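Remember, predicted model here, so these are calculated numbers, not experimental data. Along the sequence shown, residues are numbered consecutively beginning with 1.
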Amino acid sequence: MDTFISGLMSKMTIDEKIGQLNLVTGGEATTGAAVSTGVESKIAKGNVGGIFSLTTPQKIRKAQEIAMRSRLKIPLIFGQDVIHGYKTTFPIPLALAASWDLPMIQKTARVAATEATADGLNWTFSPMVDLARDPRWGRAAEGSGEDPYLGSEIAKVMVKGYQGNDLKAVNTMMACVKHLALYGAAEAGRDYNTTDMSFDRMYNEYLPPYKAAIDAGAGSVMVSFNDINGVPATANKWLLTDLLRKEWGFKGFVASDYTGVSELMAHGLGDLKTVSGLALKAGTDMDMVSEGFLTTLKQNLNEGKVTIAQINMACRLILEAKYKLGLFDDPFKYCNEERAAKEILNAENLRFAREAATKTFVLLKNDKQTLPLQRKGTIALVGPLANTASNMPGTWSVNADMSKVPTLLQGLTEVAGNNVKITYALGSNLIGDPNQQIWGTAHGRDIPRDNRPESEIIAEAVKVAEKADVIVAALGEASEMSGESSSRTDIGIPDTQRRLLAALLQTGKPVVLVLFAGRPMTLTWEQQNVPAILNVWFGGVEAARAIGDVLFGDVNPSGKITMTFPQNVGQIPLYYAHKNTGRPLGDKKWFTRFWSNYLDVSNDPLYPFGYGLSYTTFTYGDIKLSGNTLKPGQQISVSTTVSNSGKYAGEEVVQLYIRDLVGTSTRPVKELKGFQKISLKPGESKNVTFQISEEMLRFYNSQLKYVSEPGDFKAFIGTNSSDVKEVDFKLMK
């Protein structure tokens, strides 16, 4: 590879080298206002290195043919936002994380890569591994939640799923880890906003998932929009060179996010020429859409603002990626129409998508065994999300084939069978304010509005509900109320839907809230008043049928949340792995003056990290340790017996947490260190064992040294981060 690329670069002009650093959009799907122009002529001149948002073998072949007529015939790389599946869309990433099923998550990435490469693509802008602890931030939907350990494990399997064991294989694609770094900590949960945090938090909590993805072999990295220590990430040399390349040993290439280079001007770093030079020198190799590199780097070079070595290095890294993908051997290897016809949206992929979706749903409440539903009588299906296909796949499903997506009404009717009568009413608009509804149903995810008075729409639904045996209320967020540029300050169910729900409860009929959500929501009133709540997130192309599978008990829900649900927005940020204060409330009762608590609400979450119910019940025995002391190089085992004490077969996620009680730096009250998903039949018991090693106890101290410190520890095992049993052990020198 080095010999080949050195030989090629010796023939390249400076303009052709800079051209490789230019990433343009094909125009099919964009996440910004700018659109690339004159793309074909630029390709012919060797002024384009890659294209994103261009799909199908026919279109990609046409663009690649233009590149093959350029002077040096350097192939293009073709990228796309393949976030949670391609045409076969899987649940949103936050939902996939709730499955706690790493092999399944890896398989979703494998299927996505197979389909996307069959449609001509070879580079995905995924996985997004940003830690998110503020549910107001819409892009929480695109990540794995609040925990660095779970986020790291998911990051690794996503990279492996996309890239496989051989990037030259025709059904693998290059992963792009995003967004480096700290993007999930945007202030006030407002997208694109600034971030500010200590190195302690950065190294111990926010950086691990990025490093895990890079250690797993990810071929590329995308830079975040925010600043870090006062320097925007796209121009942050400490981040992109010192940390990423020198400390972590990353060998791939770095791309800006959409117009991230030109946006440095708005950050206040200078004009386009200045910021383009700063970005290149910092370690950004590829400029997405801004074309600041294309139009200014040559002048920067002539003025001594950048060096030829810096341009050469960026060019080399991009050419290496193309070499690793096998594009120099066969530029058209991904342009196979027969593959596209056979491997996209086939029956096996759809079957897997349905199965995967059922594993992500989280049963939040189920009083009096309201669920599962019986296959008899009349079910009233009510709500603005009951009869919309376009909202089922969720945000960032830009490639979904909406003609293949059933509505919940269609899916429930199909799964229910002939002995169940399903009636339907809209019940309410999505949002009372028509403008906000437009904002919340962008990108063609419309939900038609009913312009009658709200009272009439609700009355119509109540009339339908009164004739039913049970009510299923399909409420919550539309798909584009979460995701990029979809931050919210009120993360509850919109008021007009809440009033519908109250009216349905007043009928006295059993009510099941089927909650559509792309983030943790504030559901305190719903938890107090609704008998059953099933959080279905956004489940992908087969969501509707999967929801039916779980509602009727064909599948027992086993999902557990990976972001804490607050009681109200005022508690945010709220996460389980917090640190103690000098005045921790602990076991004292709220409210206790002069201790760390609120006047108006307890410190407790509505639903803690790791929470999720089942149609059956699981009981945990006492924890047993193989020994009370641990030495470096050794392990101790910690175990418990988990029993299915209910009537249904089910899956349980057994969670291991550890606390470091004394250290030179303050440590979290609990940290997830392991989990196992087990399946138990009614009456069955299993012994679940975890191994604890000294490596699991390491952290970055105040000098940013990765150490473990001898002393007292606690190990916790339980069904979620709050409901645990504990034992004590010591780490010895």
Side-chain angles (χ1 to χ4, degrees), residues 23 25-32 50-61 63 77-93 95-96 107-128 139 141-142 158 161-162 170-176 178 222 258 288 334-337 339-350 352-354 356-357 388-406 441-446 479-480 482-484 518 537-544:
L23 178 62
T25 174
E28 288 184 8
T30 60
T31 60
I51 299 179
F52 75 98
S53 292
L54 187 69
T55 60
T56 74
Q58 300 92 331
K59 292 179 182 178
I60 286 174
R61 178 176 287 277
I77 189 171
F78 292 91
Q80 177 64 291
D81 289 288
V82 181
I83 306 299
H84 50 107
Y86 186 60
K87 295 287 186 183
T88 301
T89 311
F90 296 103
I92 59 172
L96 287 173
K107 187 177 177 181
T108 67
R110 182 84 299 277
V111 171
T114 299
E115 287 198 349
T117 55
D119 224 16
L121 300 167
N122 44 44
W123 184 28
T124 175
F125 304 142
S126 176
M128 191 199 93
R139 296 196 82 167
E142 199 182 333
M158 289 291 287
Y162 289 132
V170 75
N171 64 348
T172 62
M173 63 196 311
M174 184 168 286
C176 186
K178 64 185 191 184
M222 184 181 290
Y258 202 107
M288 185 188 291
Y334 301 96
C335 300
N336 186 327
E337 294 179 36
R339 268 195 72 204
K342 291 179 182 177
E343 297 183 12
I344 296 175
L345 273 175
N346 61 33
E348 175 60 23
N349 290 353
L350 291 171
F352 174 54
R354 181 171 176 174
T388 168
S390 61
N391 281 275
M392 301 301 280
T395 188
W396 273 124
S397 51
V398 295
N399 302 294
D401 183 348
M402 292 304 173
S403 68
K404 304 290 186 183
V405 182
T441 55
H443 309 304
R445 307 299 172 90
D446 302 337
S479 65
E480 303 314 305
S482 61
E484 184 168 358
W537 311 103
F538 293 97
V541 66
E542 285 289 314

d(Phe52 CZ, Thr55 OG1) to nearest 0.5 Å is 13.0 Å
Those residues at least two apart in sequence (or on a different chain) that pass ring-ring contact (aromatic ring centres under 6.0 Å, His included) with Tyr86 are none
Residue set satisfying salt bridge (charged side-chain N to carboxylate O under 4.0 Å, His left out) with Glu142, at least two apart, ordered chain then number -> Arg139, Lys178
Practice problem: Spell out, as yes or no, whether a donor-acceptor pair under 3.5 Å connects the side chain of Thr124 to the backbone of Val82. | Solution: yes
By side chain to side chain contact (heavy atoms under 4.5 Å, CB included), Asn171 pairs with (sequence neighbours left out) Arg110, Thr114, Thr117, Ala169, Arg339
With side chains defined as the heavy atoms from C-beta onward, is the minimum distance between Trp537 and Pro91 less than 4.5 Å?
no
Item checked: Sub-4.5 Å side-chain heavy-atom contact between Ser390 and Asp446 -> no
Applying ring-ring contact (aromatic ring centres under 6.0 Å, His included) to Tyr162 and not counting sequence neighbours gives none
Just by distance, do the side chain of Asn122 and the backbone of Ile77 share a donor-acceptor pair under 3.5 Å? no
In this structure, CZ of Phe125 is separated from CE of Met174 (nearest 0.5 Å) by 12.0 Å
Nearest heavy-atom contact between Met158 and Ser126 is CE-OG, 4.0 Å
Those residues at least two apart in sequence (or on a different chain) that pass salt bridge (charged side-chain N to carboxylate O under 4.0 Å, His left out) with Glu115 are none
So OG1 of Thr56 and CG of Leu121: to nearest 0.5 Å the spacing works out to 9.0 Å
Sorted by chain and residue number, the side chain to side chain contact (heavy atoms under 4.5 Å, CB included) partners of Pro406 (sequence neighbours excluded) come out as Gln410, Ala544, Arg545
Thr89 meets the side chain to side chain donor-acceptor pair (under 3.5 Å) criterion, sequence neighbours left out, with none
Is it true that Phe78 and Tyr334 have ring centroids separated by less than 6.0 Å? no
Residues passing the salt bridge (charged side-chain N to carboxylate O under 4.0 Å, His left out) test with Arg354, sequence neighbours excluded, are Asp549
Scanning both residues in full, the closest heavy-atom pair of Val541 with Leu350 reads CG1-CD2, 3.8 Å
Sorted by chain and number, sequence neighbours left out, side chain to side chain contact (heavy atoms under 4.5 Å, CB included) with Ala543 holds for Met392
In this structure, CD of Gln80 is separated from CG of Leu54 (nearest 0.5 Å) by 9.0 Å
Q. Do any N or O atoms from the side chain of His84 and from the backbone of Thr395 form a donor-acceptor pair under 3.5 angstrom?
A. yes
Rounded to the nearest 0.5 angstrom, the OH-CE distance for Tyr258 and Met222 is 11.5 Å
Residue set satisfying side chain to side chain contact (heavy atoms under 4.5 Å, CB included) with Asp401, at least two apart, ordered chain then number -> Leu345, Ser403, Lys404
Here the gap from His443 atom NE2 to Glu484 atom CD, rounded to the nearest 0.5 Å, amounts to 8.0 Å
Residues passing the salt bridge (charged side-chain N to carboxylate O under 4.0 Å, His left out) test with Lys87, sequence neighbours excluded, are none
